[in-house]
Amino acid sequence: MTHPHASGLSDPRARHTPGIGARLLAAQALVLVAGGATTWIVALIVGPPLFSEHLRRAGMVHSPNEEFHAEQAYRYATAISIAVAIGVAALTALLVTGYFSRRLQRSVTEVSSAATAVANGRYDIRVAPMRLGEDFANLARAFNQMAERLESVETTRRQLFGDLAHEIRTPIAVLEAYVEAVEDGVKTLDRDTVGTLRDQTSRLVRFSDDFAALAKAEEGQGAIAVQRLNPRTFISTTLSTAADRYAAKDVLLRSDLAPDLPLVSADPQRMSQVLGNLLDNALRHTAPHGHVDVVASADSRELTISVTDSGEGISAEHLPHVFERFYRVDAARARSHGGAGIGLAIAKAITEAHGGRIAVASRGVGMGSTFSVSLPIHPDSP
């Protein structure tokens, strides 16, 4: 048996549930009835004795019959006044409630329809300002912000899958071509062929590792294990690890670490990964005989580690995008260098998970670039 909601049908009981306009009108009617009944009871119990007392004090009542007729006249006048007042109030309430309930119903219907559209994957939907007060304005803004965020996530997801397919297509195509060539006898499984196959499989493994690292880095603070740390420890370790790669390419790696660096709250492995990615990026874009300088300094609030290279540099239009995943200043050049395009995105995610920030600066193409990582210092740091 198909559930009515699963088939797109509404619950029959829901169709008979009064709408917000009817409920507002019922609430107004309840208030009017309560007010009218209270007024009627008070007028009947308190009014006649007070009226009679004032008549006697004024000397206008000389017999019980006159007092009886005076009280009857008071009751009739009171009844007519209350009836007219309730009628006018009811009519006014009906008109005002009808006006506002229609506006409110339209706004609620618009939000409901927009929410349904978002649930169906239309993340470009937006709701207009409701003009029903600050609460409803906040609701509209919150909904639009949610829709914008979902649209951004969906756009990123589609781009991510497209980039993933694009990135793995080349090594897979090379592997397939070489395997077919070996099967057809066009190529032999010699050292060069094995080297090519191993290079492409290594590229796939490296890409898989980088993508897993990005996913883990974007988990935020839950993916890091912070401790009270002297930054000199992970900086020196990362520089030592990168030294052989720099020497192999004949790029000079220099460092200048301030002697009194403050303590920071950081995960040493993750921050080594950040600095390592920056050093790899600098090495990738620096020609032989160039140089890369690592400088660490601090002020009263934060520690700053900068990596400056003498390499290719970055033009101004590309600077805002260098930390985006899979973004390449020059796609062909980056692929020839072996970059997957997510190392800087990993560095950004890890840095922000530490409560820090990362930035890039370059004077232009051919003028080198500087990447800076800033971390808040530990509150107990001397």
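If you're wondering where the values come from, they're calculated on a predicted model, not measured in any experiment.
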Find out whether Leu204 and Ile172 are in side-chain contact, i.e. whether some heavy atom of one side chain is under 4.5 Å from a heavy atom of the other. yes

Do Leu175 and Thr201 pass the side chain to side chain contact (heavy atoms under 4.5 Å, CB included) test, and can you show the C-alpha distance, the side-chain angles, and the key distance before you say yes or no? CA-CA 8 Å; Leu175 288 172; Thr201 55; 3.9 Å; yes

Check: residues 238-246 side-chain donor-acceptor pairs under 3.5 Å, at least two apart:
| residue | atom | partner | partner atom | Å |
| --- | --- | --- | --- | --- |
| Thr238 | OG1 | Phe234 | O | 2.6 |
| Thr238 | OG1 | Ser272 | OG | 3.4 |
| Ser240 | OG | Ser236 | O | 3.0 |
| Thr241 | OG1 | Thr237 | O | 2.9 |
| Arg245 | NE | Asp280 | OD1 | 3.2 |
| Arg245 | NH2 | Asp280 | OD1 | 2.7 |
| Tyr246 | OH | Leu279 | O | 2.7 |

Under the criterion side chain to side chain contact (heavy atoms under 4.5 Å, CB included), I'd like the reasoning laid out for Met271 against Val373: C-alpha separation, chi angles, the key distance, then a yes or no. CA-CA 10 Å; Met271 290 313 302; Val373 173; 4.1 Å; yes

With a 4.5 Å limit on heavy-atom distance, are the side chains of Ile235 and Leu275 in contact? yes

From Val307, Thr286, Ile314, residue fulfilling side-chain contact (heavy atoms from CB on, under 4.5 Å) relative to Ser369: Ile314

Arg198 side, atom CZ; Arg191 side, atom CZ - distance, nearest 0.5 Å: 12.0 Å

Verify the distance criterion only: is there a donor paired with an acceptor across the side chains of Ser374 and Thr304 at less than 3.5 Å? yes

Counting only heavy atoms not in Arg232, do more than 12 sit closer than 6.0 Å to its CZ atom? yes

Between His354 (side chain only) and Asp267 (backbone N and O only), is there a donor and an acceptor less than 3.5 Å apart? yes

Are the side chain of Asn277 and the backbone N or O of Gly343 linked by a donor-acceptor pair below 3.5 Å? yes

The test is side chain to side chain contact (heavy atoms under 4.5 Å, CB included); show your working for Asn281 and Leu278 and say whether it passes. CA-CA 5 Å; Asn281 181 74; Leu278 295 182; 5.6 Å; no

Partner of Val274 under side-chain contact (heavy atoms from CB on, under 4.5 Å), chosen from Ile350, Leu344, Leu375, Ile346: Ile350

Taking atom CD of Glu312 and atom OG of Ser362, what is their separation to the nearest 0.5 Å? 10.5 Å

Assess the side chains of Arg141 and Asn138: does a donor N or O sit below 3.5 Å from an acceptor N or O? yes

Test: side chain to side chain donor-acceptor pair (under 3.5 Å). Region: residues 171-187. Which pairs qualify, not counting sequence neighbours? none

Any donor-acceptor N/O pair, Thr351 side chain to Gly356 backbone, under 3.5 Å: no

Thr196 vs Val174 side-chain heavy atoms within contact, under 4.5 Å: yes

Pro376 and Gly355: which non-hydrogen atoms are nearest, and at how many Å? CD-O, 3.7 Å

To the nearest 0.5 angstrom, please state how far the CG atom of Leu263 sits from the CD1 atom of Ile377. 9.0 Å

Nearest heavy-atom neighbours spanning Pro288 and Val251: CA-CG2, 4.3 Å

The criterion is salt bridge (Lys or Arg N to Asp or Glu O under 4.0 Å); which residues satisfy it with Arg357, sequence neighbours excluded? Glu302

Would you check if there is a donor-acceptor pair between the side chains of Thr370 and Thr308 at a distance under 3.5 Å? yes

Is there a path from Val295 to Ile305 through hydrophobic residues (I, L, V, M, F, W, Y) whose side chains come within less than 4.5 Å of each other? no

Nearest 0.5 Å, please: how far is CE in Met146 from CZ in Arg126? 9.5 Å

